[in-house]
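The analysis underlying the following values was restricted to heavy atoms, covering all of them including side chains, and did not include hydrogens, waters or symmetry mates. Heads up: numbering here begins at 1 and tracks the sequence.
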Amino acid sequence: EAEQPRQVFADLWGCQLDEICLTRNTTDGMNLVAEGLNLQSGDHVLTSNREHPGGLRCWEALAKRRGVIVDIAEIGARPASEDEVVASFAAKITPKTRVISVSHVTFSSGVQTPIARLSELAHQKGCLLAADGAQSSGALPIDVKALGCDTFATSGHKWMLGPKGTGLLYISARAREQIT
């Protein structure tokens, strides 16, 4: 029964059972979000230069198939501060940005991005915040409500020490209305 593990993670992540679904991995979760949004030609997605291909290719596919524009915020391998990261995203966001998609912890350098601050920026600009949690879930405490993200995708086989082929996707009640 899928409800028991979903409830475990709902409790662990501080959300409701109906905000958690089981997936195969982080990439699967990120793809469900990207495909579930009704992004059209001219809509923008803002991501970073530090994204894992599993969290980036879904947006690039929408760019190729639907004419969605993918903008890139530059994050240094070792940013000086959270302010530097937030400023990089703030400089790239446009009135047509619909989603900020960013890793909670980058796979290439281990930088922990300020998801709560980026979520605040996204919401101020009328965007969703989609978090790739592959490198953080199981290694860091996760409270999706405190992070303020609209979605959070992760894999069970990394820091949660679960089997390959397991993943989780949080979709906030607010974002569910925008994601099919």
dist His44:NE2 -> Lys92:NZ (nearest 0.5 Å) comes out at 11.0 Å

At what distance, to the nearest 0.5 angstrom, does OG of Ser109 lie from CZ of Arg50?
5.0 Å

Rounded to the nearest 0.5 Å, what's the gap from CD on Glu82 to CG on Leu118? Could you check?
8.5 Å

Residue pair Asn38, Thr180: steps toward the side-chain contact (heavy atoms from CB on, under 4.5 Å) verdict:
CA-CA 8 Å; Asn38 189 25; Thr180 304; over 6 Å; no

Can a donor-acceptor pair be found, under 3.5 Å and without considering hydrogens, that links the side chain of Asp150 to the backbone of Ala130?
no

Flag for Glu51-Asn49: side-chain donor and acceptor within less than 3.5 Å
no

Can you name the closest pair of heavy atoms from Ile75 and Ser48 and give their distance?
CD1-CB, 3.6 Å

Is there a path from Leu46 to Leu56 through hydrophobic residues (I, L, V, M, F, W, Y) whose side chains come within less than 4.5 Å of each other?
no

So do the side chains of Thr47 and Asp71 get within less than 4.5 Å of each other, counting heavy atoms only?
no

Between atom CZ of Phe9 and atom CD1 of Ile20, what is the distance when rounded to the nearest 0.5 Å?
8.5 Å

Would a distance-only check, ignoring hydrogens and angles, find a side-chain to backbone donor-acceptor pair under 3.5 Å from Ser119 to Leu147?
yes

Suppose clustering is done on Ile, Leu, Val, Met, Phe, Trp and Tyr with side-chain heavy atoms closer than 4.5 Å. Which residues sit in the same group as Leu169?
Met30, Leu32, Val33, Leu37, Leu39, Val45, Trp59, Leu62, Val68, Val70, Ile72, Val99, Leu128, Ile171, Ile179

Is there a side-chain contact between Ile142 and Leu12, using heavy atoms and a 4.5 Å cut-off?
no

Those residues at least two apart in sequence (or on a different chain) that pass side-chain hydrogen bond (donor to acceptor under 3.5 Å, both in side chains) with Gln112 are none

Whether Glu60 and Arg65 form a salt bridge (side-chain N of Lys/Arg under 4.0 Å from carboxylate O of Asp/Glu) is what I want to check.
no

Considering all heavy atoms, the nearest Ala131-Ile115 contact:
CB-CD1, 4.3 Å

Working to the nearest 0.5 Å, report the span between CG of Asp132 and SG of Cys149.
11.5 Å

Counting only heavy atoms not in Lys145 (residues, nucleotides, ligands), do more than 12 fall under 6.0 Å from its NZ?
yes

Short question: side chain of Thr97, backbone of Ile93 - any donor-acceptor pair under 3.5 Å?
no

Does atom CD of Glu35 have more than 12 heavy-atom neighbours, drawn from other residues, nucleotides or ligands, at distances under 6.0 Å?
yes

In the structure I gave you, are the side-chain heavy atoms of Val111 and Pro79 within less than 4.5 Å of one another anywhere?
yes

Could you tell me whether a side-chain N or O of Asp43 sits under 3.5 Å from a main-chain N or O of Gln40, the two making a donor and an acceptor?
yes

Qualifying residue for side chain to side chain donor-acceptor pair (under 3.5 Å) with Ser155, from Asn25, Thr26, Thr23:
Thr26

Stepwise side-chain contact (heavy atoms from CB on, under 4.5 Å) check, Leu140 with Gln135
CA-CA 9 Å; Leu140 299 173; Gln135 301 302 327; over 6 Å; no

Between the side chain of Arg24 and the main-chain N/O of Gly165, is any donor-acceptor distance below 3.5 Å?
no

Is any side-chain heavy atom of Cys21 less than 4.5 Å from a side-chain heavy atom of Leu168?
no

Student check: side-chain heavy atoms of Ser41 and Arg66 closer than 4.5 Å
no

Exam field: side chain Arg98 to backbone Cys127, donor-acceptor pair closer than 3.5 Å:
no

Test item: Leu129 and Val102 side chains (from C-beta on) under 4.5 Å apart, heavy atoms:
yes

Keeping Gln7 on the side-chain end and Gln4 on the backbone end, is there a donor-acceptor pair under 3.5 Å?
no

Using salt bridge (charged side-chain N to carboxylate O under 4.0 Å, His left out) as the criterion, list what pairs up with Glu74, not counting sequence neighbours.
none

Regarding Arg176 and Asp18, does a basic nitrogen lie under 4.0 Å from an acidic carboxylate oxygen?
yes

Between Thr106 and Ser103, does any side-chain donor sit less than 3.5 Å from a side-chain acceptor?
no

Using ring centroids (six-membered ring only for Trp), state whether Trp13 and Tyr170 fall under 6.0 Å.
no

Does the side chain of Asp83 come within less than 4.5 Å of Arg117's, by heavy atoms?
yes

Taking the side chain from Glu84 and the backbone from Ala80, do they hold a donor-acceptor pair closer than 3.5 Å?
yes

Leu22 and Thr166: side-chain contact (heavy atoms from CB on, under 4.5 Å), yes or no, with the steps?
CA-CA 7 Å; Leu22 300 177; Thr166 60; over 6 Å; no

Quick one: does Phe152's side chain get under 4.5 Å of Cys15's, heavy atoms only?
no

